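Notes for the one structure printed next.
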Amino acid sequence: MKSLIRVGAGSAWWGDRVEPARLNAERGDLDYLCFETMAEATISAAQVRSRRDPSFPGYDTYLDDRMRAVLPACLKRGTRIITNQGWINPRGAAERIVHWLREYGAPRGMKVAAVDGSLITERVLELTDRILENGKPTSTLRDSLVSAEVYQGAEPIVAALKQGAHIVVSGRVADPSIFMAPMMYEFGWDALDHAKLGAGNGIGHLMECGAQVTGGYFADPGFKDVPEPWNLAFPIAEVSPDGSAILTKVAGTGGAVTLQTVKEQMLYEVHDPANYLTPDVVVDFTTARLEQVGPDRVRVTNISGKPRTPTLKVSIGCTEGFIGEDMFFYAGPGALRRAQLAKRILEERFKIVQLDAEEIRIDYLGLNAIHGAMTPADAPEPYEIAVRVAARTRTREEAIKVGREVDGMAVSGIGMTGKRVPHQDRTREIIGVWSSLVPREKIVPSLSFYEV
Amino acid sequence: MKVMLQHVAHARSGDKGNTSNICVIAYSEALYPHLREQLTAERFKAHYAGVVKGPVQRYEVDGLWALNFVAQDALGGGVSRSLCLDNYGKSLSARVLAFELEIPESLAGELRGPRS
């Protein structure tokens, strides 16, 4: 057994930068490089797209970019890759990765594994009972259902590694599990060893958002300064067999790994810090100890774990109508009074064109569009203001009315109105996401292997 | 002395569905008890009036000098349904920086950032 493994992050979401992944591959001296590329609605959006566009392969649209950036260095160093870029087509993604492996001269017989079994759209209404958010039966989602996928844990990835996979590509897997799978495999952790899995999953949680632990989503000038924030690296965890780790990053990059960046990320998207539910284990962060052991080096010890729950979380995507939105601009003295009249005009126009909306929102961007009703009454009037309007509707036809009424503000509006040329689509489909629970034993992952 | 929370603690927000969690972390061990005593769940909710519409639960993580606030019905129906431009509520944590705290003069040296 190794006494230490080096696990690096390659992405924290679909749109993440590619260069830091290349940097980790080339200079991170990594045993494993792990990619997380999905948000809550990614799978449903992929389903919608694949229905509309038969040429869409159903996996991460940046799969080629990411693999081309990291594969040459990973092959040279022997770095294995764990990634959830498979989205709704892990096997297709695996075949594509094999194509790139051949291109870069990988040895014959090198294995890529695809992990399936997350997608349960056809079975979800039988397997689930209640919607967690509102307690209603999941059967109420029957007509609007687009996709349902289970958050799988690390076990199928570990199984693929045990069967010799050099690269493992999956669909929906819980984010921290992607990073913990190498620890379980290398250190021989049992899937029911909740003490070790709690520690490992906690480290996985610190890694899953990439640069958010190395100085991203953090800087606040004069309060929390970050060196070279234009040059952030993705994190590297040096993990010990007991699940403790040192978090760090490639030397010579911008950003910072400090007690503050680690603490903020430890609680990011966590509700009860003593009971963070994952498919593999219940993580307890309240016991964690952090120590700055060098520049950009934080030792994380003592994260603990409790036995996993008998259920897995299911994410259910549903079509829920459309949003229409647009904005236009005022500047100089009196910007606010003109914006206020513009808002009044839009409100009257929406009545005239009988906009059928579930909710309409008209904000003054620059004054109250972000914090809304929390904006202090005495907030100073800004020099420039955008009037930003959005409406949620049942049909696209209704959503289109928002942009069309903003068009009308060009020559039929008020003085000194700045407007964008309406090149862009000002409507989008809403995919609402609901959650439910499914008994663990009902989900059986399947592995497929592809060889160079 | 009265100071804005931004001199005492830093914050980050995250989203899950229509729930936002906002962690507030003291800059020093000495400042933490004052944060913990004064920034109650009730006061937090009042500070976010108009945006946080559901209950607020506070969790304390003393070892990290941190409070974690879990605010339900805070994201306009959830990320995909929200009509707010910041539909993930990434900027919501900034609001708590304006919360006013009473800090003893003796801790002035622990405060961060320029003070006007």
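For clarity, every value in this text was computed on a predicted model and none was experimentally measured. In what follows, every chain begins at residue 1, and chains take the letters A, B, ... in the order their sequences are listed.
Taking non-hydrogen atoms and a 4.5 Å limit, the residue list of residues 215-222 of chain A in contact with chain B, ordered by number, reads A:G216, A:Y217, A:F218, A:D220, A:G222.
Taking CD of A:E359 as the start and OG of B:S82 as the end, the distance is 7.5 Å to the nearest 0.5 Å. A distance of 3.5 Å separates OG in B:S91 from NE2 in A:H371, rounded to the nearest 0.5 Å. One distance of note links CD1 of A:I370 with CG of B:L85; it measures 5.0 Å at 0.5 Å rounding.
Annotation for A:Q260 and B:Y27: closest pair NE2-CD2, 3.5 Å, computed over non-hydrogen atoms. Scanning both residues, B:R95 and A:P376, for their nearest heavy atoms gives NH1-CG, 4.1 Å. Nearest heavy-atom pair, B:V51 versus A:A373, reported as atom, atom and distance to 0.1 Å: CG2-N, 4.2 Å. Taking every heavy atom of both residues into account, B:P114 and A:F223 meet most closely at CD-CE1, 3.8 Å. For B:V61 against A:F285, the heavy-atom pair with the smallest separation is CG1-O, 4.4 Å.
Of all the listed residues (A:E320, A:E40, A:M266, A:E325), the one sharing the greatest number of non-hydrogen pairs under 4.5 Å with chain B is A:E320. Contact count versus chain B (heavy atoms, under 4.5 Å) is highest, among A:T287, A:L132, A:L267, for A:L267. Counting heavy-atom pairs closer than 4.5 Å to chain B, the top-ranked of the candidates A:C209, A:A41, A:A391 is A:A391. Most heavy-atom pairs under 4.5 Å with chain A: of the set B:C84, B:S93, B:A66, this distinction falls to B:C84. When each of B:A98, B:S13, B:G63, B:G50 is checked for heavy-atom pairs under 4.5 Å with chain A, B:S13 comes out on top.
Residue-environment remark: NZ (B:K53) stays at or below the threshold of 12 foreign heavy atoms within 6.0 Å. Counting heavy-atom neighbours within 6.0 Å of A:R420 CZ, excluding the residue itself, gives a total above 12. The number of heavy-atom neighbours closer than 6.0 Å to CD of A:Q424, taken from other residues, nucleotides and ligands shown, is above 12. By the neighbour-count criterion of 12 heavy atoms within 6.0 Å, atom CD of B:E42 is sparsely surrounded, having that number or fewer from other residues, nucleotides or ligands.
Only the side chain of B:N68 comes within less than 4.5 Å of a heavy atom of chain A; its backbone N, CA, C and O stay farther away. Contacts of A:E133 with chain B are absent, with no heavy-atom separation under 4.5 Å from either backbone or side chain. Interface residue B:Q6: backbone and side-chain heavy atoms are both found under 4.5 Å from chain A. For A:L365, the part lying under 4.5 angstrom from a heavy atom of chain B is the side chain only. At a 4.5 Å heavy-atom cutoff, the contact between B:I25 and chain A is made by side-chain atoms alone. With a 4.5 angstrom heavy-atom cutoff, A:A274 does not touch chain B via any of its atoms. Neither the backbone nor the side chain of A:R289 comes within contact range of chain B; no heavy atoms are under 4.5 Å apart.
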Yes or no on side-chain contact (heavy atoms from CB on, under 4.5 Å) for B:S80 and A:I431, after CA distance, side-chain angles and deciding distance? CA-CA 6 Å; B:S80 56; A:I431 295 167; 5.5 Å; no
Take B:R81 and A:I323, measure what side-chain contact (heavy atoms from CB on, under 4.5 Å) needs, and give me the verdict at the end. CA-CA 8 Å; B:R81 305 172 188 100; A:I323 288 175; 5.9 Å; no
Between B:R112 and A:K224, does the side-chain contact (heavy atoms from CB on, under 4.5 Å) criterion hold? Intermediate values first, please. CA-CA 9 Å; B:R112 297 295 169 97; A:K224 295 188 290 176; over 6 Å; no
Before giving the answer on side-chain contact (heavy atoms from CB on, under 4.5 Å), spell out for B:L83 and A:R392 the whole-Å C-alpha distance, their side-chain angles and the decisive distance to 0.1 Å. CA-CA 7 Å; B:L83 294 186; A:R392 193 168 59 242; 4.0 Å; yes
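Not less than 6.0 angstrom separates the ring centroid of B:Y59 from the ring centroid of A:H271.
Formation of a donor-acceptor pair under 3.5 Å by the B:R12 side chain with backbone atoms of A:Q212 is found in this model. In this structure, the side chain of B:N21 engages the main chain of A:V270 through a donor-acceptor pair within 3.5 Å.
Between B:L92 and A:M374 there is a side-chain heavy-atom pair separated by less than 4.5 Å.
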